[in-house]
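Heavy atoms only: backbone and side chains are in, while hydrogens, waters and symmetry mates are out. Computed from a predicted structure; not experimentally measured. Here is how names work: the chains are called A, B, and so on, in the same order as the sequence lines, proteins then strands, and each is numbered from 1.
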Number of protein chains: 2
Amino acid sequence: MSTLSTKERILNTTEQLIADKGFSGISIRKISHAAQTNLAAINYHFGNKQQLINAVLERRLNNLFDIRQKMLNDLNQGKKKACVLEQVLHAFIAPALYMINDKNQGGKTFMLVLARAYAEQGEYLHQLMTTRYTNTIKKFADAIHRSVPHLDKETVFWRFHFIIGSLTYAMSDFGASSISKQMSESDYFNRSVDELIQFAVQALQA
Amino acid sequence: MSTLSTKERILNTTEQLIADKGFSGISIRKISHAAQTNLAAINYHFGNKQQLINAVLERRLNNLFDIRQKMLNDLNQGKKKACVLEQVLHAFIAPALYMINDKNQGGKTFMLVLARAYAEQGEYLHQLMTTRYTNTIKKFADAIHRSVPHLDKETVFWRFHFIIGSLTYAMSDFGASSISKQMSESDYFNRSVDELIQFAVQALQA
DNA sequence: AATTGTATCAAACGAACGTTTGAATTGCTT
DNA sequence: AAGCAATTCAAACGTTCGTTTGATACAATT
């Protein structure tokens with residue numbers, strides 16, 4: 001427990017509090033108390049509140065997009081032309097949903113954080129997508145288009161957009177886990193990945 | 001302008017401010033000032049801040065679900081057995097997106113409010129869906145299932161869920177309107193409705 | 001005209017907020 | 001052991017927040 005540095009403890013605690021209470025439900029006072037540190041420690045380590053929030057988001061997003069990029073690269077390694085739609089979508093969707101099972105990191109917690117961030121930190125996320133992660137996103141859009149060449153580029157763009165929406169919404173529900181309590185949690189995850197990918201495949205194959 | 005009652009002015013102003021700044025960006029001080037009324041008037045008319053927010057959400061949602069229910073009823077009137085998937089989805093999706101063009105009401109504004117509410121007022125929305133609007137939602141799920149009887153009920157449930165996610169995400173983007181500025185606004189809306197419905201149809205027809 | 005209920009207003013309340021400051025404490029290097 | 005930088009801490013700053021209060025203005029009814 002206490003092997004974690006103060007900085008890491010603040011990051012983890014902030015992530016958990018955002019997941020529980022939302023961005024509007026946190027304060028650096030609550031965070032510092034829950035992280036068992038001092039009020040000023042947050043400003044010392046992160047500057048101010050917004051920079052702390054940014055750090056929480058970027059820590060996980062960097063990891064998520066790294067994994068996505070890696071999985072897409074592995075797909076393209078064998079054949080450069082042919083792209084199986086199902087595999088491309090899997091490389092995009094699965095890392096997001098499987099972060100949840102990563103017990104070492106608070107993956108499930110971050111799913112809720114990310115879903116909330118789409119509404120409450122939209123500007124900052126949009127900025128990230130159009131700068132740091134834009135290359136990866138473009139590569140995925142290209143790969144999808146290559147796998148369904150009969151669709152025009154604009155339609156692919158729209159549907160990829162809708163799929164991202166479905167994924168975001170699904171992630172949000174995982175945190176809330178408001179439906180179908182009859183399954184075990186891991187069954188629910190696996191089923192979600194399959195259903196979401198099948199959903200996306202069906203939506204893209206006209 | 002001033003023909004509106006103070007109560008209506010407060011509702012409209014609150015809606016606009018939430019769309020602009022998010023739920024965490026509003027205060028009853030800012031609202032009362034922007035609505036050109038007094039601080040205490042809000043508590044007088046609505047009780048407290050949360051009840052004001054609830055009133056903003058319910059005013060539009062009641063209208064939205066009324067229209068959805070009506071359109072579904074019109075579909076079922078002719079034939080009771082056969083349901084065309086495309087029409088059912090249209091009855092669900094179109095009212096949400098066409099609220100945007102309703103200039104009399106601040107439809108477009110509310111789209112942003114609703115998208116934000118999914119993340120920031122999740123508990124209250126979920127409560128609304130499982131109480132006041134549950135009948136309408138069930139009827140849509142049934143109608144969809146009847147139109148794709150070859151899919152098992154659980155798959156339909158999942159995919160309907162994903163479609164709601166896509167719709168929510170799309171609505172959120174309308175407010176932000178961050179993409180494809182080349183089209184006119186109404187063209188963009190109409191294109192969105194068509195693309196989203198086609199997307200949903202494709203996703204549901206295995 | 002007097003009365004009654006509705007609506008608006010300025011003022012004040014305590015609480016919680018983000019940030020800053022300067023002193024204490026720790027951990028590492030010399 | 002001394003010195004130095006990195007870290008932690010208690011305390012305070014000014015601001016903003018939601019809510020309450022009691023007085024005032026308005027409208028409708030008797």
- Where do A/M71 and A/A91 come nearest, in terms of heavy atoms and distance? CB-CB, 3.8 Å

- What's the CD1-C1' distance between A/I26 and C/dG18, to the nearest Å? 12 Å

- Identify whether any heavy atom of B/I42 sits under 4.0 Å from a base atom; if not, whether one sits that close to sugar-phosphate; answer base, sugar-phosphate or nothing. nothing

- Query: 5'-most contact on DNA chain D: A/R29 or A/T37, nearest heavy atom basis?
  - Reply: A/T37

- Query: Which one, C/dT20, D/dT7, C/dG18, comes nearest to the side chain of A/Y44?
  - Reply: D/dT7

- Query: How close or far is atom P of C/dT20 from atom CG of A/N43, stated in whole angstroms?
  - Reply: 7 Å

- Note on the structure: Atom NE2 of B/H33 and atom C1' of C/dC9 are separated, to the nearest Å, by 15 Å

- Short side-chain N/O contact from A/N48 to OP1 or OP2 of C/dG18, under 4.0 Å: no

- Query: Is the cationic atom of B/R68 (NZ for Lys, CZ for Arg) positioned less than 6.0 Å from the six-membered ring centroid of B/F65 and within 45 degrees of its normal?
  - Reply: yes

- Take A/L39 and B/I28, find for each the nucleotide of DNA chain D with the closest heavy atom, and name the residue whose nucleotide sits nearer the 5' end. A/L39

- Using a cut-off of less than 4.0 Å, is there contact between a side-chain N or O of A/N38 and OP1 or OP2 of D/dT7? no

- Using the side chain to side chain contact (heavy atoms under 4.5 Å, CB included) rule, pick out the option among A/I26, A/L57, A/I42 that qualifies with A/L52. A/I42

- Could you give the CD-to-P distance, from A/Q36 to D/dT8, as a whole number of Å? 13 Å

- Task: Establish, with yes or no, whether the OP1 or OP2 oxygen of C/dA7 is under 4.0 angstrom from a side-chain nitrogen or oxygen of B/T6.
- Result: no

- Query: Under 4.0 angstrom, heavy atoms only, what part of the nucleic acid is B/K7 near: base, sugar-phosphate, or nothing?
  - Reply: nothing

- Over how many whole Å does the gap from B/R9 atom CZ to C/dT8 atom P extend? 8 Å

- Message: It should be established whether B/S27 places a side-chain nitrogen or oxygen under 4.0 Å from OP1 or OP2 of nucleotide D/dC17.
- Response: yes

- Task: Report which part of the nucleic acid A/A40 touches: base, sugar-phosphate, or nothing (heavy-atom distance under 4.0 Å, all strands).
- Result: base

- Message: Between A/F140 and A/F160, is the ring centroid distance below 6.0 Å?
- Response: no

- Query: Between B/L52 (CG) and D/dT19 (C1'), how many Å, whole number?
  - Reply: 14 Å

- Message: Nearest whole Å is fine: how far is D/dT8 P from A/F46 CZ?
- Response: 11 Å

- Query: Is the shortest side-chain N/O distance from A/H45 to OP1 or OP2 of D/dA6 below 4.0 Å?
  - Reply: no

- Among A/I10, A/L11, A/L17, find the one that has a side chain to side chain contact (heavy atoms under 4.5 Å, CB included) with A/T13. A/L17

